[in-house]
Amino acid sequence: MGLASERGRIWRLVASHVWYKTLKWLHGGPLFRLRPQPGAPARLLIAPQDLRTADETNAADIYGGRFLFSGHLVETRGESPFELEGQNPDWLRELHGFGWLRDLRASDSHLSRQNARALVDDWIKHCGRWHPVGWEASVITRRVMSWLAHSPFILEDGDHDFYNRVLRSLSRQVRYLRRTINETHDGVERLQAALAIAAACVSMSGQGRFARQSIRRLDQELTRQILTDGGHVSRNPRAIIEILSDLLPVRQAFISQGLELPQAMQQSVDRMMPMMRFFRHGDGAFAHFNGMGSTPNDLVATILAYDDARGAPPTNVPHTGYQRLVGGSSVLIMDTGAPPPLALSEDAHAGCLSFEFSSALNRIVVNCGVSGRSNEMWRKVSRSTAAHSTATLEDTSSCRFLADKPFGKWLGSPVISGPKAVPVERDDDATGTRVTASHDGYKAQFGIVHTRDVRLSGDGTVLDGIDTFVQEARGSEHGDLYTIRFHLHPSVKPSLLRGGTAILLVCRDGEAWEFDAPGSELALEESIYLSDVYGHRKTMQITLYGRVADSQTASWQFRRAALAKLSRRGTSEFDELPHALELPLEPTGEPSETPVEQELPGNPPEAAPVQTAEQSGEMDSVEGFEDPETKS
């Protein structure tokens with residue numbers, strides 16, 4: 001029955017893939033490219049802000065023809081980078097996305113401005129009509145947002161013909177997104193395409209006839225993808241960061257132009273802001289669930305500067321499927337949800353009932369996270385159940401992913417089967433918080449249901465857990481060997497105690513925790529931490545072994561054994577910890593009221609400078625304008 005169900009899902013994926021490919025060929029294929037280019041808008045009206053942090057040191061490398069993207073360095077040796085062939089696809093996506101314009105702009109030099117204009121003109125000349133990577137929907141989205149955001153930098157000192165070429169190209173790219181948005185990958189990619197179209201409608205003149213349609217489509221995507229509790233339908237914490245990075249500037253552009261905000265836009269921002277805090281540990285890093293890798297702390301801090309409420313994070317987000325337990329300065333975040341829908345599960349992990357645990361600024365128990373390397377092998381490793389701090393049966397994953405052959409090359413590797421029922425119970429009282437959850441991801445294969453019961457004391461000094469394995473049915477395979485893993489953060493130094501029956505965990509600041517699992521076979525083994533900004537790092541994991549036939553339960557406990565050597569100021573409340581770096585990166589003025597955008601003139605005379613609007617006395621002229629993150 002289970003195998004037939006999986007085959008049915010696969011064939012539905014194949015049919016859907018063929019259908020959408022056909023539609024995309026019709027809407028954005030050769031027929032689109034052969035059509036005459038539409039007339040260019042008369043002028044740009046406003047430039048939405050780019051919230052992502054710039055690095056001006058990259059400007060000199062780009063001027064010298066050295067492009068370092070996605071871990072790949074390419075030297076053009078005097079050629080246009082857009083004429084090079086055989087380069088890494090990820091490198092090409094970053095090149096054609098033009099996100100590096102913020103680095104050129106940050107250098108604030110006449111030379112960088114000339115270099116930016118030359119590269120934009122090169123792209124229009126060589127790739128303006130078509131490029132196999134440069135015209136992918138996600139790449140077009142990033143390019144449109146980058147060109148709009150940095151248009152004052154690109155267009156200043158530019159001549160009349162260049163101005164028109166840029167506007168014609170922008171118009172053509174936005175037109176392509178409008179025609180193919182229904183065929184883009186569902187999820188964040190489609191929502192960002194809707195945001196780019198809406199941003200173009202607000203930023204370019206003469207788009208009134210498209211404005212209502214684009215706003216309605218954006219409203220639909222936000223309503224469909226942003227859940228009631230503020231999480232994204234894909235259950236990926238990274239999705240919230242990516243969406244808010246584009247949504248906040250578009251919202252501010254609407255406000256600056258005096259347009260009425262779509263209802264879903266404001267509701268989505270209000271819902272997602274608390275979820276940004278939900279996934280954060282005491283050191284500001286996001287928990288590693290369902291595709292979340294290393295945390296872009298600068299971008300997160302900039303986004304949180306736009307949070308007017310600055311309230312406490314929620315503790316129970318049942319629609320997204322996570323639980324947050326807080327006691328004193330200790331935080332536990334637990335995955336208690338089923339996999340996302342099939343079409344949105346490309347980055348989903350088999351980590352049901354896994355958790356991450358931190359104390360103040362120390363992350364102690366983590367998941368392995370997502371590798372920054374573009375390597376399919378590491379991607380498979382990071383998605384497996386064994387890469388998460390939870391239990392596995394017979395070293396198999398609780399979810400099954402689409403295999404590479406015969407359809408994986410075209411369909412990717414979505415989740416084709418996994419937990420269906422994940423009941424959760426939560427109990428909060430003065431003594432602490434208790435969460436009990438179970439999943440049936442192993443029921444079809446082994447007939448076993450895994451239940452995890454965790455309790456964090458009110459003062460955060462004790463974390464108790466019980467993992468239970470109940471044989472509820474006869475599975476398709478025989479096996480009852482379970483392994484419970486607790487992956488440790490690389491900064492934690494473990495050592496065996498009492499003849500190997502307990503483990504001492506020492507953090508960098510001297511804080512120490514003791515782990516004990518009476519009655520279980522306990523081991524300390526090597527592991528790997530994939531979500532480090534400096535690459536993969538060796539670490540350790542605590543493992544408990546057992547057989548369901550011998551014992552259906554395994555009890556374990558983390559208990560604080562020593563406080564940090566250096567006293568820390570401030571309270572133990574999460575939002576008041578010193579890691580909260582929002583203020584240094586806060587944009588100029590009040591971000592909720594003073595958008596940092598620029599009005600752009602109509603068709604300028606040759607070499608006329610682009611002017612900026614003065615808003616609430618906070619805006620400088622274009623000569624003195626800086627991005628807020630650059631000022632930081």
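We're numbering straight along the sequence, starting at 1. Please read these numbers as outputs of a predicted model, since none were measured by experiment.
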Is it the case that the side chain of Arg117 and the backbone of Glu156 share a donor-acceptor pair, with hydrogens and angles ignored and the cut-off at 3.5 Å?
yes
Is it true that a side-chain atom of Ser531 and a backbone atom of Val370 form a donor plus acceptor pair closer than 3.5 Å?
yes
Cation over ring face, Arg178 and Phe210, 6.0 Å, 45°
yes
Parallel, tilted or perpendicular, judged at 30° and 60°: which one describes the rings of Trp123 and Trp135?
parallel
Please confirm whether the backbone N or O of Leu148 pairs with a side-chain atom of Ser151, one donor and one acceptor, at under 3.5 Å?
yes
Taking the side chain as every heavy atom from C-beta outward, state whether Phe286 and Arg238 have any atom pair closer than 4.5 Å.
no
Verdict with reasoning, Ile303 to Ser245, per side chain to side chain contact (heavy atoms under 4.5 Å, CB included):
CA-CA 7 Å; Ile303 291 172; Ser245 299; 3.6 Å; yes
In Å and rounded to the nearest 0.5 Å, what is the CD1 to OG distance from Ile124 to Ser169?
4.5 Å
I'd like to know if the side chain of Thr320 reaches the main chain of Val317, judged simply by a donor and an acceptor atom lying under 3.5 Å from each other, with no hydrogens or angles considered.
no
Could you tell me if the side chain of Arg383 sits less than 4.5 Å from the side chain of Asp347, heavy atoms only?
no
How far does CG of Leu248 sit from CD1 of Ile243, to the nearest 0.5 angstrom?
11.5 Å
Looking only at heavy atoms, the pair that brings Leu92 and Gln87 closest together is CD1-O, 3.8 Å
Any Asn290 side-chain heavy atom under 4.5 Å of Ser234 side chain
no
With a 4.5 Å limit on heavy-atom distance, are the side chains of Trp130 and Pro30 in contact?
no
Residue pair Leu530 / Ser382: nearest heavy atoms and the distance that separates them:
CD1-CB, 3.7 Å
Are Glu183 and His27 close enough, and set up right, to give a side-chain hydrogen bond (donor to acceptor under 3.5 Å, both in side chains), and what steps lead you there?
CA-CA 9 Å; Glu183 291 82 60; His27 295 156; 3.1 Å; yes
Leu13 versus Leu342, closest heavy-atom pair with distance:
CG-CD2, 3.6 Å
Do Arg165 and Val120 come close enough that some side-chain heavy atom pair is under 4.5 Å?
no
Got a donor-acceptor contact below 3.5 angstrom from the Arg235 side chain to the Pro340 backbone?
no
Residues Arg277 and Asp307 bridged, charged N to O under 4.0 Å:
yes
Step by step, would you call His160 with Asn164 a side-chain hydrogen bond (donor to acceptor under 3.5 Å, both in side chains)?
CA-CA 6 Å; His160 177 86; Asn164 279 338; 3.1 Å; yes
Which heavy-atom pair separates Ser268 from Leu247 by the least distance, and what is that distance?
CB-CD2, 4.3 Å
Are the side chain of Ser214 and the backbone N or O of Ala198 linked by a donor-acceptor pair below 3.5 Å?
no
When rounded to the nearest 0.5 angstrom, what distance separates CZ in Arg102 from CG in Asp55?
11.0 Å
So, the side chain of Ser112 versus the backbone of Asp108: is there a donor-acceptor pair under 3.5 Å, distance only?
no
Aromatic ring proximity, centroids under 6.0 angstrom, His96 and Phe82
yes
Using a 3.5 Å distance criterion without hydrogens, assess whether the side chain of Gln225 forms a donor-acceptor pair with backbone atoms of Gly187.
yes
Neighbour count above 12 (heavy atom, 6.0 Å) for Glu83 CD:
yes
Working to the nearest 0.5 Å, report the span between CD of Glu94 and CZ of Phe67.
12.5 Å
Are Asp90 and His72 close enough that a side-chain donor and a side-chain acceptor fall under 3.5 Å?
no
How would you list, by chain and number, every residue that makes a side-chain contact (heavy atoms from CB on, under 4.5 Å) with Lys125, sequence neighbours excluded?
none
Any donor-acceptor pair under 3.5 Å linking the side chain of Gln192 with the backbone of Ser138?
no
Taking C-beta and beyond as the side chain, do Thr223 and Gln267 meet within less than 4.5 Å on heavy atoms?
no
Between Asp103 and Arg52, does any NZ, NE, NH1 or NH2 come within less than 4.0 Å of an OD or OE carboxylate oxygen?
no
Determine, stepwise, if the pair Phe279 / Met292 fulfils side chain to side chain contact (heavy atoms under 4.5 Å, CB included).
CA-CA 10 Å; Phe279 287 111; Met292 182 67 205; over 6 Å; no
For His185, enumerate each residue passing the ring pair (Phe, Tyr, Trp, His ring centres under 6.0 Å) test, keeping only those at least two apart in sequence or located in another chain.
none
Do the non-hydrogen side-chain atoms of Ile181 and Arg217 ever get within less than 4.5 Å of each other?
yes
Please report the shortest heavy-atom distance between Leu84 and Glu79, naming the atom on each side.
CD2-OE1, 4.1 Å
Assess whether side chain to side chain contact (heavy atoms under 4.5 Å, CB included) is satisfied between Leu244 and Tyr306, documenting all intermediate values.
CA-CA 10 Å; Leu244 282 173; Tyr306 285 78; over 6 Å; no
Kindly indicate, with the supporting measurements, whether the criterion side chain to side chain contact (heavy atoms under 4.5 Å, CB included) is fulfilled by Met145 and Val250.
CA-CA 10 Å; Met145 296 297 285; Val250 173; 4.2 Å; yes
When rounded to the nearest 0.5 angstrom, what is the spacing between CG in Leu111 and CD in Gln114?
6.0 Å
Using 30° and 60° as the class limits, which term best fits the ring planes of Trp100 and Phe69: parallel, tilted or perpendicular?
parallel
Could you tell me if the side chain of Gln252 sits less than 4.5 Å from the side chain of Gln49, heavy atoms only?
no
Would you give the length of the straight line joining atom CZ of Phe162 to atom CG of Leu167, rounded to the nearest 0.5 angstrom?
10.0 Å
Check Asp246 with Arg142, please: is the shortest side-chain N to carboxylate O separation under 4.0 Å?
yes
Heavy-atom nearest pair, Met275 first then Gly230, reads CG-C, 3.4 Å
Does Glu346 use its side chain to pair, donor to acceptor, with the backbone of Ser413 at less than 3.5 Å?
yes
